[in-house]
Enquirer: 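Sharing a structure with you now.
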Amino acid sequence: MKEILEFYDKEEGEKLLNYSFVNSILKATFEITPIKVPAKNLAVRRYRQLSDELVQHEGWEVLEVSYMNIGTISMNRNEKEPNKNGGYFPKKKIEERLR
């Protein structure tokens, strides 16, 4: 999971600050600098990209990602919708969870 998180901090203006994995809860904090889109839209997009990859891997039950100065998104694995890649979190649900 560390490799996946580190891969997803490669976009310009994005940096993985820290992460932890305790009791099946994967938490990560990113610093992102919106360049071409509003900050909240970028946070939702990045969470969606990261979660699309992580749902293909077992071992975690909750994915909680904080974006500095934007908010936090937390989803439980059992909230995913099915698809051919193992599932995904709908954009609308992700947007609703951004706090």
Side-chain angles (χ1 to χ4, degrees):
M1 291 195 195
K2 177 183 176 189
E3 292 82 19
I4 295 168
L5 289 170
E6 289 173 344
F7 175 79
Y8 278 91
D9 81 341
K10 300 301 183 206
E11 275 198 19
E12 182 179 350
E14 187 166 336
K15 180 180 180 186
L16 175 63
L17 298 176
N18 59 60
Y19 67 92
S20 65
F21 185 63
V22 178
N23 297 326
S24 300
I25 300 171
L26 179 57
K27 293 183 179 184
T29 302
F30 288 91
E31 181 176 23
I32 56 177
T33 305
I35 296 172
K36 297 179 182 176
V37 297
K40 288 187 177 194
N41 292 0
L42 182 57
V44 168
R45 185 176 85 207
R46 296 303 286 155
Y47 186 92
R48 192 167 182 195
Q49 291 170 332
L50 178 60
S51 65
D52 283 352
E53 176 65 29
L54 286 170
V55 295
Q56 298 177 49
H57 303 275
E58 298 294 324
W60 63 274
E61 291 302 318
V62 176
L63 174 61
E64 181 178 301
V65 181
S66 297
Y67 298 96
M68 299 295 295
N69 302 316
I70 299 170
T72 299
I73 303 166
S74 182
M75 302 285 290
N76 192 300
R77 183 183 196 92
N78 65 12
E79 296 177 272
K80 70 182 180 187
E81 297 290 329
N83 70 7
K84 63 181 171 123
N85 296 322
Y88 72 100
F89 296 119
K91 181 181 177 187
K92 184 169 176 70
K93 280 188 180 181
I94 295 170
E95 290 171 339
E96 292 170 356
R97 296 293 175 84
L98 177 58
R99 307 212 184 285

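Owing to the predicted nature of the structure, the values given are computational and were not obtained by experimental measurement.
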Enquirer: In Å, rounded to the nearest 0.5 Å, how long is the span from CG of Leu26 to OG of Ser51?
Expert: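 With rounding to 0.5 Å, CG (Leu26) is 11.0 Å from OG (Ser51).
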Enquirer: Taking ILVMFWY side chains as joined if any heavy atoms are under 4.5 angstrom apart, and letting links pass through other members, which residues group with Ile25?
Expert: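 Its cluster partners, ordered by chain and number, are Val62.
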Enquirer: Can any side-chain N or O of Glu53 pair as donor or acceptor with the backbone N or O of Gln49 at less than 3.5 Å?
Expert: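 Side chain of Glu53 to backbone of Gln49, a donor-acceptor pair under 3.5 Å: no, none is there.
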Enquirer: Any sub-3.5 Å donor-acceptor pair from Tyr67's side-chain atoms to Leu98's backbone N or O?
Expert: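 Absent.
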Enquirer: For Thr29 and Lys27, run side chain to side chain contact (heavy atoms under 4.5 Å, CB included): C-alpha distance rounded to whole Å, both residues' side-chain angles, the deciding distance at 0.1 Å, then the answer.
Expert: CA-CA 7 Å; Thr29 302; Lys27 293 183 179 184; over 6 Å; no
Enquirer: Between Gly59 and Ser24, what is the shortest heavy-atom contact and its length?
Expert: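 In this case the closest contact between Gly59 and Ser24 is O-OG, 3.7 Å.
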Enquirer: Has Asn69 got more than 12 heavy atoms of other residues, nucleotides or ligands less than 6.0 Å from its CG?
Expert: no
Enquirer: To the nearest 0.5 Å, what is the distance between CD (Glu61) and CG (Asn78)?
Expert: 7.5 Å
Enquirer: Does anything in residues 90-99 form a side-chain hydrogen bond (donor to acceptor under 3.5 Å, both in side chains)? List the pairs, not counting sequence neighbours.
Expert: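 The answer is Glu79-Arg97.
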Enquirer: Are Phe21 and Met75 co-members of a hydrophobic cluster defined by side-chain heavy atoms under 4.5 Å apart?
Expert: yes
Enquirer: How about Asn83: does its CG atom have over 12 heavy atoms from other parts shown lying under 6.0 Å from it?
Expert: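 Yes.
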Enquirer: Return the minimal non-hydrogen interatomic distance between Ile94 and Phe89, and the atom names on each side.
Expert: CD1-O, 3.5 Å
Enquirer: What are the two closest non-hydrogen atoms of Glu14 and Ile32, and how far apart are they?
Expert: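 In this case the closest contact between Glu14 and Ile32 is CG-CG2, 3.2 Å.
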Enquirer: Leu50 and Ile4: which non-hydrogen atoms are nearest, and at how many Å?
Expert: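 Answer, listing the atom of Leu50 first, then Ile4: CD1-CG2, 3.8 Å.
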Enquirer: Say whether, by atom type as modelled, one donor and one acceptor occur between the side chain of Lys80 and the main chain of Gly86 under 3.5 angstrom.
Expert: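 Yes: the side chain of Lys80 pairs with the backbone of Gly86.
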Enquirer: Report whether Met68 and Val37 are members of the same hydrophobic cluster (ILVMFWY, side-chain heavy atoms less than 4.5 Å apart, transitive linking).
Expert: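 Result: no, two separate clusters.
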Enquirer: Does the pair Leu42 and Ile70 meet the rule for a side chain to side chain contact (heavy atoms under 4.5 Å, CB included), with working shown?
Expert: CA-CA 10 Å; Leu42 182 57; Ile70 299 170; 5.9 Å; no
Enquirer: Roughly how far apart are Ser74 OG and Tyr47 OH, rounded to 0.5 Å?
Expert: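 Taking OG in Ser74 and OH in Tyr47, the distance rounds to 6.0 Å.
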Enquirer: Using the rule that two of Ile, Leu, Val, Met, Phe, Trp, Tyr join whenever any of their side-chain heavy atoms come within less than 4.5 Å, decide whether Ile73 and Tyr88 are in one cluster.
Expert: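 No: no chain of side-chain contacts under 4.5 Å links Ile73 to Tyr88.
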Enquirer: Does the side chain to side chain contact (heavy atoms under 4.5 Å, CB included) test come out yes or no for Leu63 and Arg77, once each step is laid out?
Expert: CA-CA 7 Å; Leu63 174 61; Arg77 183 183 196 92; over 6 Å; no
Enquirer: Going through the distances and angles, do Val55 and Trp60 end up as a side chain to side chain contact (heavy atoms under 4.5 Å, CB included)?
Expert: CA-CA 9 Å; Val55 295; Trp60 63 274; 4.0 Å; yes
